[in-house]
Asker: 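My structure is below; once you've seen it, I'll send some questions.
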Number of protein chains: 2
Amino acid sequence: MSSATPPHPTVPGRPCSVAAALQLVGERWSLLAIRELFYGNHRFEQLTRNTGAPRDRLAARLRALEEAGVVERRRYSERPERFEYHLTEAGRDLAPVLWSLVKWGDKWAVDAKPVAFTHQAADHPEHEVDSVTVCRTCGEQVTSKEVAISVLAPGWARTGPVDL
Amino acid sequence: MSSATPPHPTVPGRPCSVAAALQLVGERWSLLAIRELFYGNHRFEQLTRNTGAPRDRLAARLRALEEAGVVERRRYSERPERFEYHLTEAGRDLAPVLWSLVKWGDKWAVDAKPVAFTHQAADHPEHEVDSVTVCRTCGEQVTSKEVAISVLAPGWARTGPVDL
DNA sequence: GCCGGTGAGTTTGAAAACACAACGCTCTGG
DNA sequence: CCAGAGCGTTGTGTTTTCAAACTCACCGGC
């Protein structure tokens, strides 16, 4: 993977990709900054205005995200030094996380949908994006009842730590 | 929509379902507690052990999640009063968020996958779940290039606030 | 040359959130 | 009667977070 990828920090509790992911992008303001980058807003000023984050917090988050390899800083002015922020491949891979949060938020966290997304591709008619998470293999939405969990990390089971 | 749903708090910055969703489930430990509930661990002791959260933080989060209508408390013992925590419909609807975080974390935040999920349904052979977020209408994975954003909230455009 | 304005942060001091350990309370098993 | 499990709560410091002010460097008029 990219050369920027740092050693992964250990997480408290159960070894888990969710915990590891949240360690990198789960702090307050991080995902909102990433949202703005997806929207095509790359300047610090826009990020503060549109997320509402305090400037110092945003600066700290952007540095952490850069270190995590999620965001890339590009200089667009030499003097004074000015940077824009862009998503790396890892950052762009967060799209499904945002899609699912939008979907959930639309249903459970807001009264009226504040933003809509239109899918416009050459080969089919325009339509609103209605995102859904499915299993690629069988093409179906997966309900938790049909899923068996295999804990691969040693010392842990579904219910918690096991004595070795 | 459940009767428990409280009035939605306003978010800083752009009106946005992502921000609204994170307001409810974005605090530290919340999603990890929800993960454990998906795993079928419902007791306070398990939640602390498996998430690594401090007991007081976990207690605070569970109360906030209950208030947000994501988690439900069930008494399983009268004396002493003891509760288990279960997901509501809103909570179960967070599955796609967790799937996408697992997927991203597996790829970008851990060295080796700590947990695997096997899909076992009556009508087809067992296989590992490989989650992917698609558009329900056209069935395709949606890349941000093909998506147009329509900001419905008054006073806001894609690039930020507009003067009225 | 001076004046206000913009962009990108950094600094500051008070307020909130956090972590950790210890405690209390109630039952259960020996 | 004592030990222990289970579930939080409380008390005590330590970190984060916040909002506002400040810095630094340029730009564009006039």
Side-chain angles (χ1 to χ4, degrees), chain A residues 9-13 19 22-33 36-37 40-68 71-86 159-163, chain B residues 9-13 19 22-33 36-37 40-68 71-86 159-163:
Chain A
T10 60
V11 298
L22 290 174
Q23 199 103 335
L24 299 183
V25 301
E27 283 165 310
R28 196 170 180 198
W29 307 118
S30 293
L31 279 172
L32 297 187
E36 289 301 316
L37 299 180
N41 299 321
H42 302 287
R43 299 291 176 82
F44 188 87
E45 204 62 31
Q46 292 181 303
L47 299 183
T48 54
R49 247 202 314 278
N50 298 353
T51 61
R55 308 171 75 77
D56 62 337
R57 290 299 90 208
L58 185 63
R61 291 295 166 265
L62 287 170
R63 226 168 298 145
L65 289 172
E66 187 187 11
E67 199 157 334
V71 157
E72 184 188 3
R73 239 183 171 205
R74 292 188 199 153
R75 187 167 58 237
Y76 70 89
S77 157
E78 291 265 357
R79 297 175 49 74
E81 273 209 327
R82 290 284 180 271
F83 297 92
E84 307 184 306
Y85 299 90
H86 288 261
T159 54
V162 293
D163 308 327
Chain B
T10 59
V11 299
L22 290 174
Q23 199 104 335
L24 299 183
V25 300
E27 282 167 309
R28 197 167 181 202
W29 308 118
S30 293
L31 279 171
L32 297 187
E36 290 300 317
L37 298 181
N41 300 320
H42 301 288
R43 299 290 177 85
F44 189 85
E45 205 62 30
Q46 292 182 303
L47 299 183
T48 54
R49 248 204 313 282
N50 298 353
T51 61
R55 309 170 76 77
D56 60 339
R57 289 300 90 207
L58 184 63
R61 291 295 164 266
L62 287 171
R63 228 170 298 144
L65 289 173
E66 188 188 9
E67 198 156 336
V71 157
E72 183 188 4
R73 242 181 169 207
R74 293 188 199 153
R75 188 169 57 236
Y76 68 90
S77 157
E78 292 263 357
R79 296 174 49 77
E81 271 209 326
R82 290 286 180 270
F83 297 90
E84 305 185 309
Y85 299 90
H86 288 261
T159 54
V162 293
D163 309 327

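Chain letters run A, B, ... following the sequence lines, proteins first and then strands; every chain starts at 1.
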Asker: What is the distance from OH of Tyr76(A) to P of dT6(C), rounded to the nearest Å?
Answerer: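 After rounding, the reported distance stands at 14 Å.
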Asker: According to side-chain contact (heavy atoms from CB on, under 4.5 Å), who are the partners of Arg28(B), at least two apart in sequence or on a separate chain?
Answerer: Pro12(A)
Asker: What is the distance from CD of Glu84(B) to P of dG8(D), rounded to the nearest Å?
Answerer: 11 Å
Asker: Please collect all salt bridge (charged side-chain N to carboxylate O under 4.0 Å, His left out) contacts where either partner lies in residues 40-51 of chain A, sequence neighbours excluded, each pair once.
Answerer: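 Counting only pairs at least two positions apart or across chains, the salt bridge (charged side-chain N to carboxylate O under 4.0 Å, His left out) contacts touching residues 40-51 of chain A are Arg43(A)-Glu84(A), Glu45(A)-Arg55(A).
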Asker: Can any side-chain N or O of Asn50(A) pair as donor or acceptor with the backbone N or O of Thr159(B) at less than 3.5 Å?
Answerer: yes
Asker: Under 4.0 Å between a side-chain N or O of Arg61(A) and OP1 or OP2 of dT17(D)?
Answerer: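 Yes, such a contact exists.
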Asker: Could you tell me how far apart Arg57(A) (CZ) and dA19(D) (P) are, to the nearest whole angstrom?
Answerer: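 One finds 11 Å between P of dA19(D) and CZ of Arg57(A), rounded.
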Asker: Are any protein N/O atoms closer than 3.5 Å to N/O atoms in nucleotides 13-16 of chain C? If there are, list each pair with its distance.
Answerer:
none

Asker: Considering residues at least two apart in sequence or located in another chain, which fulfil the salt bridge (charged side-chain N to carboxylate O under 4.0 Å, His left out) criterion with Arg74(A)?
Answerer: Glu72(A)
Asker: Rounded to whole angstrom units, what separation is found between the CZ atom of Arg63(A) and the P atom of dA8(C)?
Answerer: 14 Å
Asker: Mind calculating the distance between CZ (Arg28(A)) and C1' (dT16(D)) to the nearest angstrom?
Answerer: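 Result: 12 Å.
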Asker: Between C1' on dA8(C) and CG on Leu58(A), what's the gap in Å once rounded to a whole number?
Answerer: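 It is 10 Å, rounded to the nearest whole Å.
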Asker: Could you run down the sub-3.5 Å N/O contacts of the protein with nucleotides 27-30 of chain C?
Answerer:
unit_1	atom_1	unit_2	atom_2	d
dC27(C)	OP1	Arg79(B)	O	3.2
dC27(C)	OP1	Arg79(B)	NE	3.0
dC27(C)	OP2	Arg79(B)	NH2	3.2

Asker: From the set dA25(D), dG8(D), dG9(C), return the single nucleotide nearest to any side-chain atom of Arg82(A).
Answerer: dA25(D)
Asker: How far apart are the closest heavy atoms of Leu65(A) and Leu24(A), and which atoms are they?
Answerer: CD2-O, 3.5 Å
Asker: Let me know the distance between CZ of Arg75(A) and P of dA8(C), rounded to the nearest Å.
Answerer: 14 Å
Asker: What distance do Arg57(B) atom CZ and Thr48(B) atom OG1 have between them, rounded to the nearest 0.5 Å?
Answerer: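 It comes to 14.0 Å.
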Asker: Flag the pair His86(A) / Val71(A) as yes when at least one side-chain heavy-atom distance between them is below 4.5 Å, and no otherwise.
Answerer: no
Asker: Measure CH2/Trp29(B) against P/dC18(C) and give the value in whole Å, please.
Answerer: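 Value for this atom pair: 10 Å.
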Asker: For the side chain of Phe83(A), starting at C-beta, report the closest nucleotide among dA19(D), dG6(D), dG9(C).
Answerer: dG9(C)
Asker: Is the ring pair Phe44(B)/Tyr85(B) parallel, tilted or perpendicular, if the boundaries are 30 and 60 degrees?
Answerer: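 The arrangement is tilted - the two ring planes meet at 30° to 60°.
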Asker: Quick one: list whatever passes side-chain contact (heavy atoms from CB on, under 4.5 Å) with Ala53(B), sequence neighbours left out.
Answerer: Trp29(B), Thr51(B), Leu58(B)
Asker: Grab the two heavy atoms, one from Glu36(A) and one from Leu47(A), that are nearest each other, plus how far apart they are.
Answerer: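 Smallest heavy-atom distance, with atoms named: CB-CD2, 3.4 Å.
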Asker: State the CZ-CG distance between Arg61(A) and Asp56(A), to the nearest 0.5 angstrom.
Answerer: 9.5 Å
Asker: Near DNA chain D, under 4.0 Å by heavy atom, which residues of residues 43-53 of chain A?
Answerer: none
Asker: For the base of dA8(C), is there a side-chain donor-acceptor partner from Arg55(A) under 3.5 Å away?
Answerer: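 Present.
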Asker: Does Tyr85(B) make a side-chain N or O approach to OP1 or OP2 of dG8(D) shorter than 4.0 Å?
Answerer: yes
